[in-house]
Amino acid sequence: MDSLDIRNDTSSADVDLCSSANLAYARPVLDKIADKWTILILTAVSTEPKRFNEIKRQLEITHKALSDALKRMERNGLVTRTVLPTTPIGVEYAITPLGLSLRAPFHALCAWALDNVAAMEQAEARYELAKKSV
């Protein structure tokens with residue numbers, strides 16, 4: 001396992017980007033995209049529009065959680081909601097260009113998660129073992 005020295009691994013441009021002033025400005029936006037469901041929902045609708053129940057089944061999310069998340073994402077300009085002229089009336093959600101612009105950062109985050117599953121599981125196991133031995 002490689003040790004991480006953030007002082008040597010972080011460029012000054014990254015530090016400037018993540019300064020306290022910038023983070024305070026960016027936090028409201030980060031709060032809107034870094035919640036439990038946004039990444040998963042945007043991934044689900046990234047290739048084609050999907051109906052509410054299709055998203056619900058794919059993500060195994062409760063009706064209320066999905067409804068709340070989709071309303072918030074529509075308000076933030078990440079998805080569009082289209083009422084379909086069907087009987088019964090259907091609703092379809094599609095990703096917007098703004099939502100689509102998150103594809104690269106979300107892909108990078110997903111790749112990081114896949115690359116670090118084992119390391120995080122090992123860290124958790126070490127932590128739990130250390131807690132038990134105290």
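The analysis underlying the following values was restricted to heavy atoms, covering all of them including side chains, and did not include hydrogens, waters or symmetry mates. On a predicted model such as this, the values are computed, not experimentally measured, just so you know.
- Contacts classified as ring pair (Phe, Tyr, Trp, His ring centres under 6.0 Å) and involving residues 24-56 (residues at least two apart or in different chains) are given here: F52-H63.
- Checking T96, I95, V45, I41 one by one against M73, the side-chain contact (heavy atoms from CB on, under 4.5 Å) holds for a single residue, I41.
- Of all heavy-atom pairs spanning N76 and L98, the tightest one is O-CD2, 3.6 Å.
- Between atom CG of residue N53 and atom CG of residue L66 there is a gap of 8.5 Å, rounded to the nearest 0.5 Å.
- Of the possible polar contacts, one joining the T43 side chain to the I39 backbone as a donor-acceptor pair under 3.5 Å is found.
- Legend: residues meeting salt bridge (charged side-chain N to carboxylate O under 4.0 Å, His left out) with D115, ordered by chain and number and at least two apart, are absent.
- Two residues are said to be in side-chain contact when any heavy atoms from C-beta on lie closer than 4.5 Å; L78 and I33 meet this criterion.
- Counting only residues at least two apart or on different chains, no side chain to side chain donor-acceptor pair (under 3.5 Å) pair has a member in residues 101-111.
- No more than 12 heavy-atom neighbours from other residues, nucleotides or ligands sit within 6.0 angstrom of CD1 on I89.
- Clustering of Ile, Leu, Val, Met, Phe, Trp and Tyr side chains at separations under 4.5 Å places M120 together with W112.
- The salt bridge (Lys or Arg N to Asp or Glu O under 4.0 Å) pairs that include a residue from residues 41-55 number zero, where partners must be two or more places apart or lie in different chains.
- Pairs engaging residues 67-89 under the ring pair (Phe, Tyr, Trp, His ring centres under 6.0 Å) rule: none recorded [sequence neighbours left out].
- For the ring pair (Phe, Tyr, Trp, His ring centres under 6.0 Å) condition, no pair includes a residue of residues 71-92, sequence neighbours left out.
- Placement of V79 and L84 in two distinct hydrophobic clusters is found when ILVMFWY residues are connected by side-chain heavy-atom separations under 4.5 Å, directly or transitively.
- Of the inter-residue distances, the one linking F106 atom CZ with L40 atom CG reads 9.0 Å to the nearest 0.5 angstrom.
- For residues 78-95, every residue pair satisfying the side chain to side chain donor-acceptor pair (under 3.5 Å) rule, not counting sequence neighbours, is listed here: R81-Y93.
- When the salt bridge (charged side-chain N to carboxylate O under 4.0 Å, His left out) test is applied to K64, the partners found at least two apart in sequence or on another chain are D68.
- Atom CD of E60 has 12 or fewer heavy atoms from other residues, nucleotides or ligands within 6.0 Å.
- Taking CD1 from I55 and CG from L70, the interatomic distance works out to 5.0 Å, rounded to the nearest 0.5 Å.
- Sequence neighbours left out, the pairs with a member in residues 26-41 that pass salt bridge (Lys or Arg N to Asp or Glu O under 4.0 Å) are R27-D31, D35-R72.
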